[in-house]
Protein chains: 2
Amino acid sequence: MLVVSAHPEATSVTRQLADISVSTLVKQGHQVMESDLYAMNWKAIYDASDFPDRVSNERLSFIQESAHAYSNGYQTADVTEEQRKLAEADAVILHFPLWWFSMPAIMKGWIDRVWAYGLAYGYKDAGNRYRYGEGGLAGKRALLAVSVGGPAVDYGPRGINGPLDQLLFPITHGTLFFAGMDVLPEFALYSTGAYDSEAMAAGAGAWRERLAGLFTDAPVPFRRQNDGDYPDRHVLSENILTNQRGLTVHTIPGSREH
Amino acid sequence: MLVVSAHPEATSVTRQLADISVSTLVKQGHQVMESDLYAMNWKAIYDASDFPDRVSNERLSFIQESAHAYSNGYQTADVTEEQRKLAEADAVILHFPLWWFSMPAIMKGWIDRVWAYGLAYGYKDAGNRYRYGEGGLAGKRALLAVSVGGPAVDYGPRGINGPLDQLLFPITHGTLFFAGMDVLPEFALYSTGAYDSEAMAAGAGAWRERLAGLFTDAPVPFRRQNDGDYPDRHVLSENILTNQRGLTVHTIPGSREH
């Protein structure tokens with residue numbers, strides 16, 4: 001188990017939920033690893049210093065240097081350590097506040113730097129042959145636990161912000177499922193800007209319930225690239241959800257409302 | 001004019017397009033400001049050091065401290081300077097490579113820190129009264145110029161990654177339009193991982209053409225919160241696109257395919 005969190009305030013909703021994750025899973029006998037990104041002073045910016053040994057010292061290509069660093073053991077120690085945790089984990093929970101409908105920069109920088117070529121993309125150095133359901137993180141579960149300042153109604157099917165699952169699609173589908181993970185439906189607490197201790201207790205209870213299903217709940221049925229739905233590995237077969245388009249066609253209908 | 005870019009390599013597609021933006025607009029007589037985030041060593045992580053004078057030294061609430069810092073002049077100098085550039089700009093172009101279907105962390109951190117309470121949200125200290133078409137950045141144009149490593153087909157209406165405009169919705173709608181900006185359809189170059197000088201020349205030409213329409217092209221017709229489509233300011237009127245749901249209902253149909 002790996003619990004990643006991105007909030008500097010120990011009493012924040014985000015960090016309280018992360019603490020619950022750790023204590024609950026430890027109590028259940030799981031080996032729990034933590035990455036409290038603010039406490040670790042995680043380096044968010046992906047740059048030349050991520051590549052102490054370069055393929056080219058003249059021109060910085062992130063893909064080329066990531067491949068070189070990952071496959072030859074030239075990554076920085078902080079990145080290697082996070083990848084070690086990922087390798088040992090059978091599930092990963094990402095706790096973060098929703099800032100501008102996405103992750104805080106510190107957590108995006110965790111993805112940018114740790115999701116290396118050869119691990120999370122370019123698996124087996126085979127381009128996009130393995131992605132979306134297969135890849136270096138296959139077999140692991142992933143779950144987002146998001147603290148949302150605004151009210152739930154704004155994130156409903158016709159809410160003004162857009163539905164939360166579609167706003168998070170670049171993360172759930174494009175980042176976690178892309179690398180092979182089984183992604184559970186996201187957990188969210190809303191209106192957390194106005195949380196009092198009663199609301200927090202209710203939210204904590206709801207989170208404990210979701211945590212109990214971490215290893216048994218059904219993942220979001222995103223379509224796997226190599227199971228036949230994408231005959232050319234790029235475009236959804238015209239026989240599936242014919243005439244439909246957009247993010248939602250990449251989820252098998254039935255278990256989730258869109 | 002403000003040109004913001006997020007790539008450390010001067011010869012990258014991202015930076016080449018940003019250079020074209022600057023030189024073209026200068027030639028046209030515009031006053032052009034630049035924020036080359038890597039060159040500026042921009043601080044990506046939004047944390048306690050953003051608030052030298054605190055409402056509460058015990059508990060860090062970003063919203064509360066952002067409001068206090070913005071309205072009382074307690075922000076850090078780097079944030080104040082970016083807000084000054086924004087205030088002077090009539091248009092903002094964001095140049096970035098698409099990393100995990102979103103911005104690099106350094107640019108997300110520019111948004112996280114610069115998009116302050118009182119400016120980009122909580123405008124006039126009136127909660128969500130002014131947002132989506134109104135707010136502190138109203139009257140300014142915004143345009144994303146994105147370098148995409150993968151092929152265009154993956155981002156088509158039924159492409160496996162999802163359509164680019166929907167993947168970018170948290171930025172175009174949720175960040176730029178939220179704060180009041182008129183957002184132009186995003187510009188993208190694809191398969192940039194394999195760019196040679198010929199492809200770069202073609203991409204540069206396409207970008208020059210789009211730049212020429214910066215002040216004349218029609219913005220994406222996102223629905224404004226306070227123009228009647230959201231009677232309660234939260235949910236789209238049931239008389240509009242009845243029975244439809246998802247991100248796309250927030251754009252007035254007609255000018256854009258979804």
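Numbers restart at 1 for each chain; the letters A, B, ... are given by sequence-line order, proteins then strands.
With a 4.5 angstrom heavy-atom cutoff, B/Thr192 does not touch chain A via any of its atoms. If you measure heavy-atom distances from A/Pro151 to chain B, the contacts under 4.5 Å come from the side chain alone. No part of A/Ala48 comes within reach of chain B, as not one of its non-hydrogen atoms sits under 4.5 angstrom from that chain. Only the backbone of B/Trp42 has a heavy atom closer than 4.5 Å to any heavy atom of chain A. If you measure heavy-atom distances from B/Tyr46 to chain A, the contacts under 4.5 Å come from both the backbone and the side chain. Contact annotation for B/Gln225: both backbone and side-chain heavy atoms come within less than 4.5 Å of a heavy atom of chain A. For chain A, no part of B/Ile63 is nearby; none of its heavy atoms comes within less than 4.5 Å. A/Ser61 does not touch chain B: none of its heavy atoms, backbone or side chain, sits under 4.5 Å away.
Of all residues spanning residues 117-124 of chain B, those with a heavy atom less than 4.5 Å away from chain A's heavy atoms are B/Ala120, B/Tyr121, arranged by number.
The distance from atom CZ of A/Arg158 to atom CG of B/Leu236, rounded to the nearest 0.5 Å, is 4.5 Å. In this structure, CG in B/Asn41 is found 6.5 Å from CD1 in A/Ile45, a value given to the nearest 0.5 Å. Considering CZ of A/Arg59 and OG1 of B/Thr11, their distance stands at 3.5 Å, rounded to 0.5 Å. For the atom pair B/Tyr230 OH and A/Asp154 CG, the distance stands at 10.5 Å (nearest 0.5 Å).
Remark: the backbone N or O of A/Leu247 is paired with a side-chain donor or acceptor of B/Gln166 at under 3.5 angstrom. Judged by distance alone, the side chain of B/Asp112 and the main-chain N or O of A/Pro104 form no donor-acceptor pair under 3.5 Å. The backbone N or O of B/Ile106 sits nowhere less than 3.5 Å from a side-chain atom of A/Lys108 that would complete a donor-acceptor pair. Looking only at distances, a side-chain donor or acceptor of B/His250 sits under 3.5 Å from a matching main-chain atom of A/Gly159.
Contact detail for B/Ala44 and A/Ala44: the closest heavy-atom pair is CB-CB, 4.2 Å. Residues A/Ser102 and B/Ser102 come closest through the heavy atom pair OG-OG, 4.5 Å.
Of the listed residues (B/Asn128, B/Ile171, B/Leu167), the greatest number of heavy-atom pairs within a distance under 4.5 Å of chain A belongs to B/Leu167. In terms of heavy-atom pairs under 4.5 angstrom with chain B, the leader among A/Arg131, A/Met103, A/His7 is A/Arg131. Of the listed residues (B/Gly127, B/Gly149, B/Pro163), the one with the most heavy-atom contacts under 4.5 Å to chain A is B/Pro163. Among A/Leu37, A/Ile240, A/Leu60, the residue with the largest count of heavy-atom pairs under 4.5 Å with chain B is A/Leu60.
Note on ring orientation: taking the six-membered ring where Trp is involved, the planes of B/Tyr38 and A/Phe62 are tilted (angle from 30° to 60°).
Annotation: ring pair (Phe, Tyr, Trp, His ring centres under 6.0 Å) contacts of A/His68 (sequence neighbours excluded): A/Tyr74.
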For B/Asn161 and A/Tyr132, what are the C-alpha separation, side-chain angles and deciding distance, and is it a side-chain contact (heavy atoms from CB on, under 4.5 Å)? CA-CA 9 Å; B/Asn161 294 339; A/Tyr132 292 121; 2.6 Å; yes
Show, in sequence, the C-alpha distance, side-chain angles and deciding distance for A/Val235 and B/Val153, and conclude whether the side-chain contact (heavy atoms from CB on, under 4.5 Å) test is met. CA-CA 7 Å; A/Val235 178; B/Val153 64; 3.4 Å; yes
Under 3.5 Å, side-chain donor or acceptor atoms of residues 173-180 of chain B against the rest of the protein: list the pairs with distances, not counting sequence neighbours.
| from | atom 1 | to | atom 2 | distance (Å) |
| --- | --- | --- | --- | --- |
| B/Thr175 | OG1 | B/Pro170 | O | 2.9 |

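Residue pairs that meet the salt bridge (Lys or Arg N to Asp or Glu O under 4.0 Å) test with at least one member in residues 42-54 of chain A, sequence neighbours left out, are A/Lys43-A/Asp47, A/Lys43-A/Asp50, A/Asp50-A/Arg113, A/Arg54-A/Glu65.
The number of heavy atoms from other shown groups lying within 6.0 Å of CG (A/Asp232) is above 12.
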